[in-house]
Protein chains: 2
Amino acid sequence: MTGIKALARHLDLSIGTVSRALNDKADVSPATRKRVLAAARELGYRPNHSGRALRQGRTSTIGLVLETGSPASLAGDAFFMQLIDAMQETFSAAGTDLVLLPCRSADDPIEFLRRQVGRRMVDALVITATRRQDPRIAMLVEEGMPFLALGRSGTPGDWPWIDLDFEGVADRAVAELAALGHRRIALVAPRKEVNLAHVWMDGYRAAIRRHGLEEHEGLMLRLSVSENGGRQAAEAVLGMDPRPTALLLVSEMMAPGVYARLGEAGLEPGRDLSVIGFRRNPQLGFLRPELAGFALDLRALGTAVGEAALGLAVSPADPVRLVWPMDYVPAASVRPPPAE
Amino acid sequence: MTGIKALARHLDLSIGTVSRALNDKADVSPATRKRVLAAARELGYRPNHSGRALRQGRTSTIGLVLETGSPASLAGDAFFMQLIDAMQETFSAAGTDLVLLPCRSADDPIEFLRRQVGRRMVDALVITATRRQDPRIAMLVEEGMPFLALGRSGTPGDWPWIDLDFEGVADRAVAELAALGHRRIALVAPRKEVNLAHVWMDGYRAAIRRHGLEEHEGLMLRLSVSENGGRQAAEAVLGMDPRPTALLLVSEMMAPGVYARLGEAGLEPGRDLSVIGFRRNPQLGFLRPELAGFALDLRALGTAVGEAALGLAVSPADPVRLVWPMDYVPAASVRPPPAE
DNA sequence: CTGTTAGCGCCTTCAT
DNA sequence: ATGAAGGCGCTAACAG
C-alpha cells in the first residue's frame with residue numbers, strides 16, 4: 001500500500017486534502033501543502049496511473065505508433081529516436097508521458113489501432129508512415145480518437161498532420177543541379193507505398209519539367225531505404241545509358257551504399273556523379289566528399305510535433321497542418337556534370 | 001459511453017453477467033454468453049484499460065525501456081525492432097501488451113524508472129544496456145518491481161537476465177583465427193560503459209592467452225558502434241605497427257565502415273585483414289567478401305525474452321539466467337593471414 | 001444461472 | 001481549510 005490512503009494516514013489528514021495539496025488546488029493551507037509534499041517525496045509517493053486515469057477520464061499519456069519488423073523502420077530509427085527525445089522533453093514539461101506502441105508489421109494496423117483506441121490507455125496517438133490512402137486516418141476520425149499524423153495523406157478530412165517538405169526539397173535539389181548544368185537527374189524514392197514517396201516523386205517531376213530537364217520514368221528508382229538500397233541505386237545508375245549525372249536520394253542513409261558502389265566502379269561522388277542526400281546527418285560526417293543535403297533541426301521538429309500532439313486534446317478545431325521546411329546545404333558531393 | 005454499463009443496458013442484463021461472459025468465467029449460460037459476445041463485437045466494445053487495471057491490480061502490460069538520443073541506440077535499433085516484433089507475438093498470445101518506454105539520455109534513468117514503478121502502468125519492465133554496476137537493478141529489486149535485464153551485470157543478486165554469449169563468441173572467433181595462423185588480433189569493443197563491453201574484452205583476453213597469441217591492451221579499441229566507428233577501427237588498425245592480421249568487431253554494423261576504409265587504403269577484407277562481425281546480418285548481405293559472423297535467430301530470442309518477461313509475474317523465484325549461444329558461420333572475410 | 005454489492009486509487013463536489 | 005462521500009469502469013465475491 002503506497003497509495004494516497006497510506007500517505008493520508010501517515011499525515012493524519014483526509015485523502016481529499018492530500019489530493020488537493022498534491023495537485024496544486026486551492027483551499028489548502030500553505031503549511032499543509034508543504035507538509036504533504038515533503039511526506040510524498042519522502043515516502044516516494046507516485047499517483048497510481050490507473051486510478052487517476054479512471055477518475056479523470058484521461059491518462060496524460062500519448063502514444064506514438066511504430067512499425068516493427070519492417071525493413072524501412074531500420075534507417076528511420078536514428079531519426080525517430082532523436083525526434084522522440086525532443087518530443088518527450090516537451091511532454092515532460094506538460095506532465096504528459098510518451099509511450100511507443102510497437103505495431104507488428106504482420107498485424108493489421110487498423111485492428112491494432114482500434115484496440116488502442118478502445119483500451120483508452122492513451123489520450124492521443126501519433127501515427128507515422130502515412131499512406132497515400134490511409135484507412136487508419138478515417139478510422140481514428142470516426143472513433144473520435146485525437147491523433148497527429150507524421151506525414152500527409154490523400155485521405156480527405158481536416159485531420160492534423162506535420163510533414164517534411166519533400167516537395168520543396170526535391171524542387172530545390174533539382175534547381176541546384178540544373179543551375180550547375182545537370183540535365184539527367186536520377187531519383188530514388190522509397191519502395192514502400194508511403195505517401196511521401198508520391199509527394200517526393202511529384203515534386204521531382206514538376207521541377208524537372210519546369211527546368212526543362214530530361215524527363216523519363218526510368219530515372220525514378222523505387223528502392224528500400226537502406227545502405228543496400230543505396231548500392232542498388234548506384235548500380236542502376238551505372239547501368240543507365242546515357243548515364244545520369246546526378247542522383248537525388250530520398251534518404252541520406254542510402255549514401256554510404258552509393259559511395260561504396262561508385263568507388264568499386266572507380267568513380268567518385270561529385271566528380272563523376274553528383275549526389276544529394278535528403279537530410280544533413282552528422283552521423284555521416286565521415287563521407288568523402290561531404291554529402292550535400294538539407295538541414296533539419298530534429299530537436300525543433302520534435303518540439304513542434306510534441307506541442308501539436310499536446311494540443312490535440314485541447315483544441316480539436318483548427319488542426320495543425322505543417323510542412324516543415326529544410327534548407328539546402330551545399331557540399332562537395334555536388335559539382336557540375338563531367339564533360340561528355 | 002461505450003463502457004460495459006451501456007453494453008449491459010443494451011442487452012438488458014446486469015453488468016456482472018456481462019463481465020463474466022466477456023471474461024470467459026463460469027456460471028454463464030451458453031446462450032447469454034453468445035449474445036453478449038455478439039453485442040460486444042457489434043458495438044465495438046473494448047474494456048477500459050484503467051478500469052480493469054484498477055480492479056485487477058495489474059495492467060497486463062509490460063514495458064521495455066529504451067534509451068533515446070544516445071548514439072549507440074542507433075545501430076542497435078534494427079536489432080531491437082526485430083526482437084520487439086517477436087516479443088510482441090509472444091505477449092499477444094498471452095493477452096499482454098508491450099509498450100516501449102523511451103528514456104531520454106539526458107534524464108536520470110533511476111528517476112525515470114522510479115516514476116514508472118510508482119505509476120504502476122506496467123506489470124513488469126525489461127531493461128537493456130545493463131552496466132557493469134547498474135544501480136537500476138538494485139532499485140528495481142528494492143521496489144519489488146518485476147523486471148528482466150537484457151544483459152548481465154556485476155550488480156549482485158538473484159535477478160533474471162538474458163544475455164548474448166559475448167564471451168563464447170569472442171572465444172570461438174579467436175580460436176577460428178588462431179587455427180588459421182593469426183597471431184595479432186585486434187578487437188573492437190563499445191565505447192559506452194555497458195557490461196557487455198567487459199564480458200567481450202574478458203572473453204577476448206582469455207582466448208588470446210589460451211592460444212598464446214599476442215597480448216597487448218593496445219589491440220583493444222573502444223569505439224562507437226556505428227559505421228563510422230568501423231571506419232575508425234580500420235583507421236586505427238592501419239596505423240598499428242606491426243599491423244594486426246585480424247579484426248574482431250563487437251557489432252556487424254561497423255563492418256561497412258571497416259570495408260570502406262580498407263578499400264580506400266587499397267586493402268581487401270579477408271586477404272589483407274580478416275574481419276569477423278558479431279552477428280550474421282542479412283541486411284549486410286551486400287558486403288564483399290561476405291562477412292563472417294555468428295548466427296542469431298532473433299525471432300527465437302525474442303520469444304525467449306517474451307516468455308521470460310511473461311513469467312516474471314508468475315514465478316518470482318528461480319529467475320531466468322540465460323546465456324544465448326550463437327553459432328559461428330565462416331565466410332570469405334576470414335582467411336589465413338597474409339604472408340609477412 | 002443471474003443480480004447485487006463492494007471496492008481497486010484517485011479526484012472533486014459538497015458540507016462543515 | 002479540511003473531511004466526508006460519490007463515482008470513474010471494471011471484476012470478484014456473495015446472495016438469490
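Residue numbers begin at 1 in each chain, while the letters A, B, ... track the order of the sequences.
- Atom-to-atom, NZ of B:K25 to P of D:dC14 comes out at 14 Å; the value is rounded to the nearest Å.
- There is a side-chain donor-acceptor pair under 3.5 Å between A:D123 and A:T59.
- Contacts of A:G57 with the nucleic acid, taken as non-hydrogen atoms under 4.0 Å apart, are absent.
- Across all strands shown, B:S29 has heavy atoms under 4.0 Å from sugar-phosphate atoms exclusively, and none from any base.
- Taking five base pairs at each end of the helix from C:dC1-D:dG16 to C:dT16-D:dA1, the local helix axes there meet at an angle of 50°, rounded to 10°.
- In this structure, CD1 of A:I15 is placed 20 Å from P of C:dC14, rounded to the nearest angstrom.
- Between B:N48 atom CG and C:dG9 atom P the separation is 17 Å, expressed in whole Å.
- Under 3.5 Å, the side chain of A:R55 and the base of C:dC11 form at least one donor-acceptor pair of N or O atoms.
- Residue contacts shown for B:R20 include a base, since a base heavy atom lies under 4.0 Å away.
- One can place CD of B:Q56 at 11 Å from P of D:dA13, the figure rounded to the nearest angstrom.
- The CG atom of B:L54 sits 9 Å away from the P atom of C:dC10 (whole-angstrom rounding).
- For the pair B:G51 and B:T32, nearest-nucleotide mapping onto DNA chain C gives the more 5' position to B:T32.
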